2 protein chains.
Amino acid sequence: MKSEILKYLSKYTVITKELEIAISESTLFKSFKKGSILLKEGGISNECYFILKGAIRTYFLKDGDEKTMEFYTEEQPVVPANYGTSKPSEYYIECLEDTIVSVGNPQLEKETFQKYPQLESLSRLIAETIIIKQQESFTQFKTSTPEERYLNILKTRPNLLQIAPQHQLASYLGIKPESLSRIRKRLMDRK
Amino acid sequence: MKSEILKYLSKYTVITKELEIAISESTLFKSFKKGSILLKEGGISNECYFILKGAIRTYFLKDGDEKTMEFYTEEQPVVPANYGTSKPSEYYIECLEDTIVSVGNPQLEKETFQKYPQLESLSRLIAETIIIKQQESFTQFKTSTPEERYLNILKTRPNLLQIAPQHQLASYLGIKPESLSRIRKRLMDRK
DNA sequence: GTGATTACTTAACCAAAGTCAATGCAATTG
DNA sequence: CAATTGCATTGACTTTGGTTAAGTAATCAC
C-alpha cells in the first residue's frame with residue numbers, strides 16, 4: 001500500500017530510507033464504498049487524500065446541474081480547497097468507485113514537516129509541478145473545441161469513460177449531455 | 001521596491017525582521033521596455049519574476065494566431081513552466097508595458113531556502129494557494145459563456161481592458177476577436 | 001420481476017460563435 | 001503627406017452548442 005505513495009514520490013525525488021520511514025510514520029488508510037461523499041458543499045474539511053485504489057470526483061451544483069470539476073484516479077492527491085481552513089467547502093467530493101486512500105490532516109502534516117524538512121521541500125516541488133500541469137490543462141481547454149476536448153480525454157484518460165457516466169463527463173468538458181451525445185455520434189458517423 | 005514583495009508576502013505570513021533580511025539579500029531588479037520578450041518559444045529559462053510595476057503576458061502560437069494564456073500585473077509572480085529545467089519553453093513571455101521586476105533564479109533560490117527554511121515553507125504555502133485559485137478560475141471558465149467570462153473580467157480585472165488590445169483579450173477568453181466585438185456590441189445595445 | 005427512476009439518444013428549433021470577406025480607422029513609416 | 005500596416009467592426013453565411021421535449025434503454029428499489 002505504502003509502496004504506491006513511494007512510487008508516486010519517486011517521480012519527484014530519490015527515495016531514501018529516511019523518507020520511507022517518514023512516510024510509514026505519517027500514513028493512515030481509509031476505505032470508502034462507491035458513492036460515499038467525503039465532503040459536502042458547505043462542509044468543513046480536515047482531511048486530504050492520496051488515492052491508492054479507486055476514483056474520486058469533485059463537483060458542485062449550478063443552475064440545477066452537477067458541474068464536475070475534476071476526476072481523480074490512482075496515485076493522485078486530492079486536497080479540498082478549504083483544507084486546513086475553517087471555510088465551508090464550495091463543492092462535493094465523492095467516490096466514483098470503492099476507493100482506498102491514504103489520509104492526511106494539518107496536524108500530522110505539520111509534525112511531519114517539522115521532523116522531516118525534506119518532505120516539505122518535496123511538497124513544494126510537487127505543488128509547483130501541479131501548478132504547471134494545471135496551466136497546461138487550462139490552456140488546452142481554452143484553445144480547443146468540445147470535440148477536441150473529448151478526443152483528448154479519449155487519448156489521455158480513456159479509463160474515465162469506464163468509470164464516469166456521460167453526463168458527468170459532459171459537464172467536465174464544459175458542455176451539456178446532449179451535446180456530448182451528438183459529438184459521439186458525429187465521430188461515429190465520420191468513421 | 002522591496003516593500004512590494006513584503007506587502008505580497010504579508011498576505012501569507014507575518015513579516016519578521018529575519019524575513020526582511022532574507023528578502024533584501026535575495027533580491028535583484030531588472031526593468032524592461034514595453035514589448036520586450038523575456039522568453040521565446042523554444043528558449044531556455046533561468047529566471048522567474050515578481051512584477052513590481054507594469055504588466056506581462058504569456059502566449060503561444062496555434063493555427064497562426066497568438067493564444068494568450070495569462071495576463072500578469074503588479075504583485076504577481078511569473079514563473080515559466082520550464083523554469084529550472086533544460087526544456088525549451090512552449091510559450092512566449094512579453095511585457096505589455098514598461099515593466100520592473102524582481103528576478104529570481106534556481107541557484108539563488110536554493111541558497112536562500114537553505115539559509116532561511118521558513119522561506120521554503122512560505123513558498124509551499126503560496127504554491128498551494130495558487131493551485132486553489134487556478135482551480136477556481138478554471139471552473140469559472142468552464143461553467144460560463146463567453147459573454148459571462150467577459151463580464152467577469154470587466155468586474156475582476158478591469159485594468160486589463162486598458163493594457164491589452166482586444167484580440168489578445170479575445171484569445172484569453174477562448175474566442176475569436178470578431179466574437180468579442182459582437183459581445184461588446186450586444187452589451188452596449190442591451191443598455 | 002416489475003415499476004420507477006435515471007441515463008442516453010434523437011429531433012426540431014434557436015442563439016451564438018466560427019469563417020470569410022470587406023470596410024473603416026488610427027498609428028506608423030517611408 | 002501618401003501609403004502601409006494592424007486592429008476593430010460589420011455583414012452574410014455556416015456550424016455547433018443550448019433548449020425543450022419525447023422516446024428508448026438501463027439501473028435501482030422494493
Side-chain angles (χ1 to χ4, degrees), chain A residues 33-37 55 57 59 61-68 71 92 94-98 140-154 160-191, chain B residues 33-35 37 55 57 59 61-68 71 92 94-98 140-154 158 160-191:
Chain A
K33 281 261 160 262
K34 174 174 175 171
S36 304
I37 304 287
R57 173 176 79 113
Y59 68 93
L61 301 176
K62 186 179 173 187
D63 311 324
D65 292 314
E66 286 182 6
K67 307 286 180 180
T68 297
F71 294 109
Y92 293 83
E94 172 207 53
C95 292
L96 284 178
E97 306 181 315
D98 290 355
Q140 210 268 347
F141 188 94
K142 260 193 203 175
T143 60
S144 53
T145 62
E147 182 175 317
E148 289 166 336
R149 286 175 215 152
Y150 176 69
L151 289 171
N152 189 252
I153 292 266
L154 268 190
L160 289 190
L161 304 194
Q162 312 310 316
I163 62 183
Q166 273 180 43
H167 65 278
Q168 292 180 6
L169 236 341
S171 74
Y172 182 60
L173 296 174
I175 57 178
K176 299 281 160 183
E178 295 91 331
S179 296
L180 179 53
S181 191
R182 277 191 288 227
I183 287 170
R184 285 160 54 86
K185 187 176 181 194
R186 267 206 308 266
L187 292 172
M188 294 297 263
D189 289 356
R190 222 176 283 170
K191 292 230 165 167
Chain B
K33 281 259 161 263
K34 173 174 175 168
I37 304 285
R57 173 177 77 113
Y59 69 94
L61 301 175
K62 186 180 173 187
D63 310 326
D65 292 316
E66 287 183 5
K67 306 286 181 181
T68 297
F71 295 108
Y92 293 83
E94 173 207 51
C95 293
L96 284 178
E97 306 180 315
D98 290 355
Q140 210 269 346
F141 187 95
K142 260 194 204 175
T143 60
S144 53
T145 62
E147 182 174 316
E148 289 167 337
R149 286 174 216 152
Y150 176 71
L151 290 171
N152 188 252
I153 292 267
L154 269 190
L160 288 191
L161 303 193
Q162 312 309 317
I163 63 183
Q166 273 180 44
H167 66 279
Q168 291 179 7
L169 234 344
S171 74
Y172 181 61
L173 297 174
I175 57 178
K176 300 281 161 184
E178 294 95 325
S179 296
L180 178 54
S181 187
R182 282 190 204 116
I183 287 170
R184 285 161 53 87
K185 188 178 180 188
R186 262 204 315 264
L187 292 171
M188 294 296 265
D189 290 355
R190 223 175 282 169
K191 291 227 163 163

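What you see is a predicted model; the values in this text were computed from it and never measured. Throughout, a chain's letter reflects where its sequence line sits, starting with A, and its residues are numbered from 1.
B:Y59 and B:Y92 have parallel rings, their planes meeting at less than 30° on a 0 to 90° scale where 60° marks the start of perpendicular.
Taking all atoms of both residues into account, the shortest heavy-atom contact from B:L96 to B:A164 is CD1-CB, 4.4 Å. When all heavy atoms of B:S144 and B:R149 are compared, the closest pair comes out as O-NH2, 3.2 Å. Across B:F141 and B:Y172, no two heavy atoms sit closer than the pair CE1-O, 4.1 Å. Taking both residues in full, the closest heavy atoms of B:K67 and B:K62 are given as CE-O, 3.7 Å, listed atom of the first, atom of the second, then distance.
The distance between atom NZ of A:K62 and atom P of D:dG18, rounded to the nearest whole Å, is 13 Å.
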Would A:K33 and A:D98 count as a salt bridge (Lys or Arg N to Asp or Glu O under 4.0 Å) here? Give the steps. CA-CA 4 Å; A:K33 281 261 160 262; A:D98 290 355; 3.7 Å; yes
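Computed from C1' positions of five pairs at each end, the angle between the two local axes of the helix from C:dG1-D:dC30 to C:dG30-D:dC1 equals 50°, rounded to 10 degrees.
Residues satisfying the side chain to side chain donor-acceptor pair (under 3.5 Å) criterion with B:Q140, sequence neighbours excluded, are absent altogether. Residues satisfying the side-chain contact (heavy atoms from CB on, under 4.5 Å) test with B:L161, not counting sequence neighbours, are B:Y150, B:I153, B:L154, B:L169. For B:S179, there are no side chain to side chain donor-acceptor pair (under 3.5 Å) partners, not counting sequence neighbours.
Remark: side-chain polar atoms of B:S171 are paired, donor with acceptor, to backbone N or O of B:T68 under 3.5 angstrom.
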Quick tally for nucleotides 7-13 of chain D: nucleotides whose base has a protein heavy atom under 4.0 Å get B, sugar-phosphate-only ones S, the rest -, giving SSSBBB-
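Of all nucleotides in DNA chain C having an atom under 4.0 Å from a heavy atom of chain A, the first and last in 5' to 3' order are C:dA7 to C:dA12.
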